[in-house]
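Below: one structure, written as structure tokens.
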Amino acid sequence: MAFDYEYFKKEILALTTIDLNSYKEQQMKRRIDTLIAKHKIVGYDKYVQALRTDKNMFEEFVNYITINVSEFYRNPEQWEILDKTIFPELISKYGKNLKIWSAACSTGDEPYSLVMALSRHIPLNQIKIFATDLDKQVIAKAKVGLYTEKSIASVPEDLKKKYFTKVGPSYKIADEIKARVEFKEHNLLKDAYPTEYHLIVCRNVLIYFTEQAKDEVFRKYFKSLAKGGILFIGSTEQIMNYREIGFERKNSFFYAKP
């Protein structure tokens, strides 16, 4: 078949800079085929043509394949470790001007959670989180800061009362929290990584990547961390070769750069 999935991957790379070779093929192809069928389009070539000419379809495609599933304080027990152990350690080591990167931040749930969690230890005006994502649409949503009741369910009650306002069926996060986050587009597989970070948070994103792509990203995170810095990963992930990369494992989801 002339216009097969290999052709499609090349065209998408040229069109979006997203390298589909770095994602698990069966899973990703199934998602894309579902999307094509939804629009009643026959063939990858016709779909590529549609993506080139239809801005809404193009944005829908990018949003769909970058798999944005997020919520505040996801896996609360891990955030408790961050609050009780990791933050105090980092503050005693580096002081209050911590450099924190929320990578693949989706709709902002994670970087805003980091600001709120850190506000228990550091005055709000001293907190700065760098947050990045591949998808400019989710960054736009993050900047608006409107969330469902379900997505904020795990936020501690005192922080929920302090920093969220009910707007119709949604909840709006306070501007004072939003002001502490700087958002930027960033492709984990293609762009240069920032350096000398004290904490990098990247959770439940790399599960969609191939083993080779995962390894590449974890090695880049290691280089991005300052000496003594911490990488916080998701509950569905583990770094099998963390010793080979150079990490020390603090517990299941926190890895330190010695």
Side-chain angles (χ1 to χ4, degrees), residues 67-122 127-134 142 151 154-156 159 177 180-184 186 188 193-209 213-243 245-258:
I67 313 165
N68 300 300
V69 181
S70 194
E71 62 190 60
F72 284 79
Y73 279 78
R74 191 172 184 178
N75 313 112
E77 65 287 352
Q78 291 164 31
W79 285 84
E80 198 168 325
I81 295 167
L82 190 70
D83 180 43
K84 301 280 194 296
T85 307
I86 304 298
F87 280 153
E89 275 181 22
L90 292 175
I91 291 164
S92 69
K93 198 179 289 179
Y94 303 111
K96 291 184 175 177
N97 292 319
L98 293 178
K99 282 185 74 179
I100 299 174
W101 177 20
S102 173
C105 68
S106 189
T107 49
D109 314 45
E110 192 172 86
Y112 292 147
S113 294
L114 285 165
V115 175
M116 288 189 288
L118 202 48
S119 72
R120 296 193 190 280
H121 303 267
I122 296 173
I127 298 170
K128 197 74 190 167
I129 309 291
F130 180 55
T132 63
D133 201 275
L134 176 65
S151 73
S154 297
V155 176
L159 296 176
I177 298 292
R180 309 323 307 163
V181 182
E182 178 197 349
F183 289 99
K184 191 178 176 186
H186 182 269
L188 287 173
Y193 281 36
T195 56
E196 292 301 305
Y197 272 76
H198 304 129
L199 175 68
I200 297 174
V201 182
C202 183
R203 309 182 66 230
N204 309 306
V205 174
L206 303 188
I207 47 169
Y208 304 106
F209 286 15
K214 269 189 229 176
D215 183 67
E216 185 187 323
V217 170
F218 285 136
R219 287 176 190 277
K220 285 180 179 175
Y221 282 152
F222 184 82
K223 286 180 183 170
S224 278
L225 286 167
K227 205 172 176 183
I230 303 286
L231 173 64
F232 178 20
I233 63 170
S235 58
T236 54
E237 297 159 332
Q238 52 185 318
I239 309 174
M240 304 301 288
N241 60 335
Y242 68 91
R243 284 195 189 92
I245 293 172
F247 282 114
E248 284 177 358
R249 186 173 175 174
K250 290 185 77 68
N251 74 23
S252 301
F253 313 107
F254 295 92
Y255 293 81
K257 179 175 180 174

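Atom set for the values below is all heavy atoms of this structure, side chains included, hydrogens, waters and symmetry mates excluded. Predicted model, so just to flag it, every value in this text is computed and none were measured.
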Ignoring hydrogens, what is the shortest heavy-atom contact between [X] and [Y]? Give both atom names and the distance.
X      : Y      : result
Leu90  : Gly228 : CD2-O, 4.2 Å
His186 : Thr132 : CB-CB, 3.5 Å
Asn241 : Arg219 : ND2-NH2, 3.6 Å
Glu182 : Lys128 : CB-CE, 4.3 Å

Closer than 3.5 angstrom, by distance alone: can the side chain of [X] be matched with the main-chain N or O of [Y] as a donor-acceptor pair?
X      : Y      : value
Glu237 : Leu206 : yes
Asn251 : Phe253 : yes
Tyr94  : Gly229 : yes
Ser92  : Glu89  : yes
Lys99  : Thr195 : yes
Tyr193 : Leu188 : yes
His121 : Asp83  : yes
Arg203 : Glu110 : no

Can you say whether the rings of Phe72 and Tyr112 are parallel (under 30°), tilted (30 to 60°) or perpendicular (over 60°)?
parallel
What distance do [X] atom [atom1] and [Y] atom [atom2] have between them, rounded to the nearest 0.5 Å?
X      : Y      : atom1 : atom2 : value
Asn97  : Ile91  : CG    : CD1   : 10.5 Å
Ile129 : Ser113 : CD1   : OG    : 10.5 Å
Ile239 : Tyr255 : CD1   : OH    : 5.0 Å
Asp109 : Glu71  : CG    : CD    : 8.0 Å

Would you find more than 12 non-hydrogen atoms of other residues, nucleotides or ligands less than 6.0 Å from Lys184 atom NZ?
no
Given Tyr242, Phe222, Phe254, the one that forms ring pair (Phe, Tyr, Trp, His ring centres under 6.0 Å) with Phe247
Phe222
